[in-house]
Structure formats: structure tokens, C-alpha cells
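Naming: A, B, ... by sequence-line order, numbering from 1 per chain.
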Amino acid sequence: MRQSPWLAAARGPMLIAMLPAAVCILATVALSAWAIFYSFTNVELTGARSINWSFIGFDNYVRLFTREGFLNSLWVTFVFTFFSAIVGQSVVGFTLAVTLRGTRSLLRNIVEVAVMLGWLLPDIVAAFMWNATTSKTGLINSFILNPLGVGPVDLISNYALTVVVVANIWKGTAWSYLLFSAALDSISREILEAARVDGATPFQRIRLVILPMLRSHIATNLLLITIWTFGYFALIFALTGGGPGRQTEVLSILMFHTSFNVGKLGFGSAIAIAMMLLVGVLAVFYLRQLKEPK
Amino acid sequence: MESTFARSPAVTVLLLAVALVWISPFAWLVITAFDPQANGQLGGAHGVGLDNFLAAVSGSSGQQFINSMIISIGTATLTVLIATAAAYPLSRIDIPGKNVLLWSLVLLRMMPEVGVIVPVFFAAKTVQGLNAQGMIVSMTVLNIPFALLLLKNFFDSVPIELEESAYIEGASLWQIVWYVVVPLSRSGLAVVWFFTFTGAWNAFLLPLIFARTDTAFPMSVGLYAAFGQYGSIQYGFLAAYSIVYAFPAVVVYFLLRRNLNTGFAGVGVKG
């Protein structure tokens, strides 16, 4: 970067101005270190072990694999992330973006506003809405199941994971839609026109022209929504609380329950660190994707 | 204009169906909110009235709206101040290890909040900060990487030449920042402010462990507690409360719609 004379003069004050932010970033790093530290102890929220805790080495990490909770939650998180983010949000978002491409019509506005509503409504509002929508007297039962002759079904009790996945597709598709929309706008019209003139069908144009050109956008989007969905807490927690049983207990909910309801902060921290490591691996892939020349 | 798919009636109908599916739960919410006797049963409203909305803005619900406002405005303002003070130098001067710093910010931004929630809780508890101020400080700390990246990228797009000529004219650093940089960056600062505001407005996990009494709850926890407590009995109230709660975030989006794009995810580093 070019160094202007005035910047050289302003260097001192500028460095000082950065201090508060530096403190915040160091605090975040320190908090993470603190979580790592706790994960090697048996500290608890209340009771004797909240004061007289001790180091127990890797016991908490061994417990991750010897007790049922963690592996179950890992699986639930995987299913939730795969179906709601990767299959649901990105495929629906991509399809909408391709279909609406190039239209500046009323139709496009209607669909955009509808999809954005999911994105804009706060998590807990979405949770309440989906709770009501899937209840025995809710929209799905009244408008779809009952007319088909199926009696009222308590969807949350019987198909909790499906409900949570659908709710998250509803909530998050807007992001993928916006990203793909912007990416599609960057493909020049001439290329698609040329493909059309050469006789490519719409599906061939998608498969042979659009998909290859958007490869890096798609990879970026998939990694980002995977990372976000992986740590998602509020919607699922408010909708099902992780239940019934442990059917929707994703890792973030397991971590919260273990730490603040059961009170085993040490074990909870080990779950948190395991999550951070998994996200870290995904994030490294993401960073490499970003650095690659497009 | 040639679209990828030919405009056919079938596609139009399909798209309208998608929009309908997306909107219908929300439509139910709105109808229920205006129905004073709503009980979760469909089949026509029992009446139209604002009783639910009155309940949703009075008493402890009203207090929760104020709490959310205080927490969100506080967090957004503090975040933008701290992040701007660092983002501008970061954009303008050479600092050893700058790229490493920027990439680690991207990494930090992607870490799930759950990861640090236990230490945050303890840190706040130790300094007696399990209250609104504590929430503001904690959320600010956690928001800094994101805001810093956004603002740094934004300042990179503000031409440095204007600042140079102001310097030659004899302006001090403070004058340059205040009279040249800030006016040019107003839209970027506003976007980051509103982004942080909506983030704090929607925040749930942190307030859940920070707020203990229903007069201290922000609206997210207030709504969660209310629907755990009343369940299907008070659908009307819950729906109205939801709309009051969702309103600011939705309005802010439509006000800023033109300024927003996915670049604002704050997940990239330029140059």
C-alpha cells in the first residue's frame, strides 16, 4: 500500500484508536482459551464442584465418545445441516434464483418479499409460528392433512426433526437465493444467449453453462451455510427444546443443556471445543476457497 | 429480456405457489394477532380488534420492548464506534501482520456463539454484569470481528485522495476524519449499525442466560417464556407480541434494501 505523508504523521493516534477493538479481539481469544481450560476440569455450575473443582485431563473428551449424548447430537446436527442447509436452502435458493433470473416483474418482487420474510423474522417468532403451524389445529393439519382424510396429527411430537428441517429451510433460503441471484447477474447475457442459439435446452444451459461458472459461488455458499447451520441454536431450541427425547438435540442444544441445566460446565465446555474444532476445519476449507483465484 | 426459462404460465403458477407457501404461516400470524378471541383454531376470525396489541405493549411486555431497544441500540452504537476507530486505521496504514489479523477475524466471525457462552457467563457473573449493561458489552465484544471486517472493506472503497488534499490544505487528523471520512462513509456506517442492531434485537442465547426476571427480559426471551407458559391458550397475545417484536427488523430491512447485498456477510478479505 502507498504510504502518504499525512498517514505517516497520523500513525500514532491511529494505532491508539485501534486499542479498544484490539482489547475486544483479545477478550474473544481469552474467552476461547478459558473454554479450553474448563474442558479439562470437572467444574460445575452449582454445588461443591463449583468451588472445589479439579483437573481431570482428557476425561471429558473421552466421555464425548463413551456417553450417548454427543454422538447422537453429532448425528442429529449432521442430518439437520445436510437436509435443511445443503439440500433445502441451497437447492431451493438456486432454483428460485435461476427461475427468476432476468425478470424485473411483479412476480419476482412477490417471491422475493415472501422468501425474505423468513430471513427477517426473529428466530423466536419463527419458532412460535412453526409451532402453531404444525400443531393439531394449525395450518398444515387444517389445510393439507384433514382434507386428505388424515386425522389431526401432532406433527412436532411425531416428526420433530422434519418440522425443524422444514422450518429452517423456510427461514434460511433467502440467503442462498440472494447469493445465487447476485452470482447469476455476473454471468454475461451473451454467453447464455450463445448457448441458446447453439440449441442448448434450458436444463443443458443450467448444467453445462451456469453450474460450472458458479462453481466457486456454490462452494462458498455451501460452506457458509453449513457453518452457520451447524452452530444454530435459537430456532430449534425454541421450537422443540431438543425433544421429544433427544430427536432434535443438535450439538448447540446438548451443549446448553449440559452446561446450564445439568450444570456440568466442564463437560459442556468439551462439547463446545469439539464444535469449534469441527467448525474450524470447515472454516479452513472456506478460507482456502476464498483465496483461490476465481 | 430473455430468461433462462421461457415465461410460461406453469412457471408463474408454480412461483406463486412457492410465495403462498412461504407467506401462509405469516398470514396466519397477522390474522391471529388482530383476533381478540384467537384460540389457535382456524375457521374465520372471531372478531377484529387491537386488544392483543394493547396487551403486547403494556406491562412487562412493554418493558421488554424497551429492554430490547436499550440493548440493541447500545450494542450497535458501541460496536460501530469501536470498530470504526480500528477499521479506518486498518484500511489506511501498514501494520505488521495485517493480513494474518484479517484472516483470523474471518475465522473468529465464523465460530459459533455457543463455543464461548460458558466463559462469557462466568466473566459477566464475576463482575456482577448479568444485566443489560453486561449484555451490551458481551455482544459488542462478540460483534467486533464482524463489524471490523465490514467497515475495513468499506473504508477501502473510499478514495484516499480526498484525505490527502485535505491534509495539504492543513486539516488535522481529527478534521479529516470528521469532515471528510465520516460524511463519505455515512451509508456504510449506517448499514453496519443496523446490521448489529438487528443482530442484537434477534439475539436469544446470550439474553437467555443473562436475564433472570421477566422485567429484565428482552423480547426474544420474553416471547420464548410466554409461549412456554401460556402455550396454545393465548395465541392472540403471542401473535401480536411476535409482530411487535418482528416489526423493527423488517422495517429496517426495507429501508436499507438498496444498500444491502450479500457482500455484507463480512466473510471476505479484500487485498
(Q) What part of Leu20(B) gets within 4.5 angstrom of chain A, counting heavy atoms only: side chain, backbone, both, or neither? (A) neither
Q. Just how far is it from atom NZ of Lys125(B) to atom CG of Leu45(A), taken to the nearest 0.5 Å?
A. 6.0 Å
(Q) Return the OG1 to CG distance between Thr12(B) and Leu106(A), rounded to the nearest 0.5 Å. (A) 11.0 Å
Q. Do you know the tightest heavy-atom contact between Tyr235(B) and Ser135(A)?
A. OH-OG, 4.0 Å
(Q) Just so I know, are the side chains of Thr198(B) and Leu120(A) near enough to count as touching, which here means a heavy-atom distance under 4.5 Å? (A) no
**Q.** Contact class of Ala123(B) relative to chain A, heavy atoms under 4.5 angstrom
**A.** both
Q: Can you tell which part of Glu163(B) gets under 4.5 Å to a heavy atom of chain A, answering side chain, backbone, both or neither?
A: both
(Q) For chain B, which candidate among Phe230(A), Trp34(A), Phe37(A) shows the most heavy-atom pairs at distances under 4.5 Å? (A) Trp34(A)
Q.
Quick check: closest heavy atoms across Gly115(B) and Ala35(A), and the distance to 0.1 Å?
A. O-CB, 3.7 Å
Q) Taking atom CG of Leu238(B) and atom CD1 of Ile124(A), what is their separation to the nearest 0.5 Å? A) 12.5 Å
Q: Over 60° means perpendicular and under 30° means parallel, so classify the ring planes of Phe260(A) and Phe121(B), tilted if in between.
A: perpendicular
Q: Provide the closest heavy-atom pair for Phe204(B) versus Ala234(A) in the form atom of the first, atom of the second, distance.
A: CD2-CB, 3.7 Å
Q) For the residue pair Leu121(A) and Ala246(B), what are the closest heavy atoms and their distance? A) CD2-CB, 3.4 Å
Q: Would you name the heavy atoms of Thr133(A) and Pro25(B) that are closest together and state the gap between them?
A: OG1-CB, 3.7 Å
Q: Let me know if Leu208(B) has heavy atoms under 4.5 Å from chain A in its side chain, its backbone, both or neither.
A: side chain
Q: For residues Leu15(B) and Leu96(A), determine if any side-chain heavy atom of one lies less than 4.5 Å from a side-chain heavy atom of the other.
A: yes
Q | Sub-4.5 Å side-chain heavy-atom contact between Val18(B) and Val92(A) | A | no
Q: Flag the pair Tyr224(B) / Phe237(A) as yes when their ring centroid distance falls below 6.0 Å, and as no otherwise.
A: yes
(Q) I'd like to check Ile95(B) versus Met18(A) (side-chain heavy atoms, cut-off strictly below 4.5 Å). Are they in contact? (A) yes
Q. What is the ring orientation for Tyr38(A) with Phe122(B), classed by angle as parallel under 30°, tilted 30 to 60°, or perpendicular over 60°?
A. perpendicular
**Q.** Sub-4.5 Å side-chain heavy-atom contact between Phe128(A) and Tyr245(B)
**A.** no
Q: With rounding to the nearest 0.5 Å, note down the distance linking CE in Met111(B) to CG in Leu31(A).
A: 14.0 Å
Q: Check for a donor-acceptor pair, side chain of Trp22(B) on one end and backbone N or O of Val111(A) on the other, with a separation under 3.5 Å.
A: no
Q) If you round to the nearest 0.5 Å, how far is CG of Leu265(A) from CD1 of Ile117(B)? A) 12.0 Å
Q | Polar side-chain atom of Arg92(B) near backbone of Arg11(A) as donor-acceptor pair, under 3.5 Å | A | no
Q | For chain B, the option from Pro13(A), Ala114(A), Ala272(A), Ala27(A) that forms the most heavy-atom pairs under 4.5 Å | A | Ala114(A)
Q. Contact part of Ile209(B) toward chain A, heavy-atom cut-off under 4.5 Å: side chain, backbone, both or neither?
A. side chain
Q: Count the heavy-atom pairs under 4.5 Å between each of Ile16(A), Val29(A), Val125(A) and chain B, then report the option with the highest count.
A: Val125(A)
Q. Could you go step by step and tell me if Leu205(B) and Phe256(A) meet the side chain to side chain contact (heavy atoms under 4.5 Å, CB included) rule?
A. CA-CA 9 Å; Leu205(B) 177 58; Phe256(A) 182 84; 3.6 Å; yes
Q.
Quick one, Ile23(B) with Val113(A), criterion side chain to side chain contact (heavy atoms under 4.5 Å, CB included). Give me CA distance, side-chain angles, the key distance, then yes/no.
A. CA-CA 9 Å; Ile23(B) 286 181; Val113(A) 168; 5.8 Å; no
Q.
Please classify the contact between Met276(A) and chain B as side chain, backbone, both or neither, with a heavy-atom cut-off of under 4.5 Å.
A. both
Q: Could you tell me which of Leu117(A), Leu251(A), Thr201(A) has the largest number of non-hydrogen atom pairs under 4.5 Å with chain B?
A: Leu117(A)
Q) Between SG of Cys24(A) and CG of Leu108(B), what distance do you get to the nearest 0.5 Å? A) 11.5 Å
**Q.** Considering all heavy atoms, the nearest Met14(A)-Tyr88(B) contact
**A.** CE-CE2, 3.3 Å
Q) Tell me, do Val279(A) and Pro112(B) make a side-chain contact under 4.5 Å, heavy atoms counted? A) yes
Q.
Does any backbone or side-chain atom of Leu105(B) lie under 4.5 Å from a heavy atom of chain A? Answer side chain, backbone, both or neither.
A. side chain
Q) Any side-chain heavy atom of Asp123(A) within less than 4.5 Å of one from Ser220(B)? A) no
(Q) Taking the side chain as everything from C-beta on, heavy atoms only, tell me whether Met110(B) gets closer than 4.5 Å to Leu224(A). (A) yes
Q | Contact class of Leu107(B) relative to chain A, heavy atoms under 4.5 angstrom | A | side chain
